[in-house]
Every structure is written in structure tokens, then in C-alpha cells.
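Accompanying notes for the structure given below.
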Amino acid sequence: MTGKKIKIFLASPRGFCAGVDRAIEIVEKSLKKFGSPIYVRHEIVHNKSVVENLKKKGAIFVEELSEIKDSSRPVIFSAHGVPKNIPEEAEKKNIFFIDATCPLVTKVHKEADRHHKNGYQIILIGHKDHPEVIGTMGQLPVGSIKLIETDKDAQNINIGEFNKPLAYVTQTTLSIDDTMNIIEILRKKFPNIKSPIKEDICYATTNRQNSVKKIAPNCEMFFVIGSENSSNSKRLVETAKKFGCAKSELFDFSNSLPINQIMKVKTIGLTSGASAPEKLIKNFISALKKYFEVEINEIITSEEKVTFKLPKFLD
Ligand code: SF4
């Protein structure tokens, strides 16, 4: 303890969203109902500590169904969603599957499906190679969905390519502001483009970004607790930078705290991505308390009451 004081602006809401809560509960209840092992295709949610904890309880994580050694055991699909060919493959192999796709991702899948049935060419705004994007694109035949990632991609789209009316959908965990720019470009180019009835960026992403926007201007450093492969956590770092805190970073406990840098500041912002458990926030604060006299100022920008039902057989 150095006797130095530090003020933490703690964002709220932060951490687990309803989709992550549900996905983890699905794995835990499946382990209870069916015993171990249970296979999980892809990290159930993008957080190392959650995955490690479930491994200890008997979950085996695989990337593809071909890695499953015992096809008599159930497999759970992650919260990010899967392309349609994955449940089809499980059925062919007689593997019992449980789908933990977040209902808000399923909403985007259904939306894309509806547009496709109504004869639209779909534009998906998202990040290439993210499992949610792979899952959404895999709902429809190849070519039905065109992925764009940037303003430039939106500017370069040529309607002549499609010869169909256009509709867009988005990944659920994008930056609200960056996506708004891309949508504006699309709307200017294609005034008749069909938008989602309710925006696809989910409530949890929106609320977590809004709380960071409020806090970031008052902070000299900002830490987002979350894993490198967590899209929504990375967007929180970008948001903090954009809204006034240049020294913002993702912290996943793989390195020790940058105490020397923290020594130089008096205020830090703190939040966690939608897949990061609250105990990591507690661990972070406890680690700081070894060096500093810590004052915590929790800034609540909205209340969250969203919950999602479990599959009936696990209730
Ligand atoms: S971040 Fe949003 S879309 Fe993703 S699991 Fe959570 S609630 Fe669902």
C-alpha cells in the first residue's frame, strides 16, 4: 500500500447480459440433467474464466462436431449462434443438441430469413470471422447475404450487383456510433433500403456503451474487463477512447496490472464486457487495493431487467 488515493468510476450496467446468463445456465443445468461430459461447440461465451470454470464441471469445448469423440453425449451450441448446417450435421450424426443461441441473435436470423423469403438482397453489417456473423450468414444460401464492415465497404457497394430490393441487418455487438455512420451511408445511397423494425444492436451492448460514454470524459485511464475475442468488450475500449479517455485498454488478467502507469493517474474508469463475470471486477478492485486507497464511485446510467427463458426441458 503506497497511501496514494485513486478514484474508480465504475460503470453500471456492466458484465453479464441476459443472453450470457442463459447460455451458462444451459450448460450448468445440462450437466446436472445429463451428467458429464457435455460437449460445447465453440466457447459458450467469449470469456476464458467462464470457459475454464465450466471445463472443471465437466464441459468439453470443441470447435467442430467432428471433434466429438462420444456421439452419445449431448452438444450445446454457443450463445453466438450457428449456421444452419451445424444442427443438420448433428442430426445426421445422431447427436442430441441443445441450442444456447441468444434469443436476440435468433431474432436477427429470423429477420434475415424473412427478408430472403420476401425477395430482398441482405446486407449484414458485422465483423468477418466473428462466430455470430458466420452463424447469421449461414442461415441462408451463399450469396444471399453480403457482409460489410466499414464506411468504405458501404460506399463501394454497387446496387447493380444485386438487381433486387435491399435490406440490412447487423451483428448485435457492434459500436452504436460506427454502425450509425455505415447505416447513414447505406440510406443515402439506397433510400428504399429496409431497416430492422427494432435495431439489431442489442440492449446490453447499447447500455454498456452508453455508460462508458458518460464516464470516459472524467477518467485518465480506462479498463474494460473482457477477453481479446469478445467483440462487445473491444467495442467498449473503442468507445472509451472515442469519448475522452485515450488510455483505455482491455484487461483479461493474462498480465499483471500496469501499476506503474496507474501510479501516474488519480481517476480510472472500470467496466466489463457482457461475457465477463462480476467476480473479475471484484478481483481487479482487490488487486488495486493492495497499492492504493480506493474510492469507488458507481455511475448507474440504466437499469436492466431483461431475462430469457431456458429451453423447457431444462426449466
Ligand atoms: S450481448 Fe446481446 S446479443 Fe449477445 S448474448 Fe448478450 S444479450 Fe444476447
Side-chain angles (χ1 to χ4, degrees), residues 11-29 40-51 54 76-83 98-113 124-127 129-139 168-179 196-213 224-239 250 271-278 280-281 301-311 314:
S12 179
R14 62 179 176 276
F16 278 5
C17 59
V20 162
D21 261 333
R22 175 178 179 270
I24 296 171
E25 221 184 328
I26 287 177
V27 181
E28 286 177 337
K29 291 214 162 166
V40 183
R41 187 187 175 276
H42 194 68
E43 290 190 349
I44 185 77
V45 301
H46 283 158
N47 187 271
K48 277 185 208 143
S49 90
V50 170
V51 167
L54 292 172
I76 299 174
F77 300 147
S78 81
H80 313 96
V82 288
I98 303 159
D99 190 359
T101 303
C102 174
L104 298 182
V105 174
T106 304
K107 166 193 163 277
V108 179
H109 291 180
K110 285 186 178 154
E111 213 174 339
D113 199 41
L124 168 62
I125 306 167
H127 294 293
D129 297 334
H130 188 278
E132 183 184 323
V133 164
I134 294 169
T136 302
M137 295 194 70
Q139 298 305 305
Y168 74 83
V169 295
T170 79
Q171 192 180 330
T172 57
T173 50
L174 299 177
S175 150
I176 309 165
D177 299 298
D178 293 351
T179 309
I197 297 163
K198 186 175 179 301
E199 287 306 332
D200 297 327
I201 294 181
C202 78
Y203 80 96
T205 302
T206 306
N207 290 347
R208 280 151 194 67
Q209 286 178 21
N210 283 343
S211 68
V212 167
K213 283 181 190 174
V224 176
I225 309 294
S227 292
E228 187 52 43
N229 57 352
S230 161
S231 167
N232 80 86
S233 303
K234 278 160 90 177
R235 304 294 83 78
L236 291 174
V237 175
E238 290 167 6
T239 305
L250 199 64
T271 191
S272 46
S275 43
E278 183 65 9
L280 298 182
I281 287 279
T301 47
S302 57
E303 303 275 348
E304 286 182 349
K305 292 188 179 135
V306 180
T307 54
F308 296 130
K309 282 187 186 150
L310 293 177
L314 290 176

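Values below: every heavy atom of this structure, side chains too, minus hydrogens, waters and symmetry copies. All ligand and atom numbering here is 1-based and tracks the order in the structure.
Between atom CD of residue Glu132 and atom OG1 of residue Thr172 there is a gap of 3.5 Å, rounded to the nearest 0.5 Å.
Shown are the protein N/O/S atoms under 2.8 Å from atom 8 (Fe) of ligand 1, given by residue and atom: Cys102 SG.
Lys29 places no side-chain N or O within donor-acceptor distance of the main-chain N or O of Leu310, the cut-off being under 3.5 Å. A donor-acceptor pair under 3.5 Å is absent between the side-chain atoms of Asn207 and the main chain of Pro13, judged by distance alone. Of the possible polar contacts, none joining the Gln139 side chain to the Ala112 backbone as a donor-acceptor pair under 3.5 Å is found. Although no hydrogens or angles enter the test, the distance criterion places a donor-acceptor pair under 3.5 Å between the side chain of Ser275 and the main chain of His46.
Checking Asp177 against Ser175 by side-chain atom types alone, no donor-acceptor pair falls below 3.5 Å.
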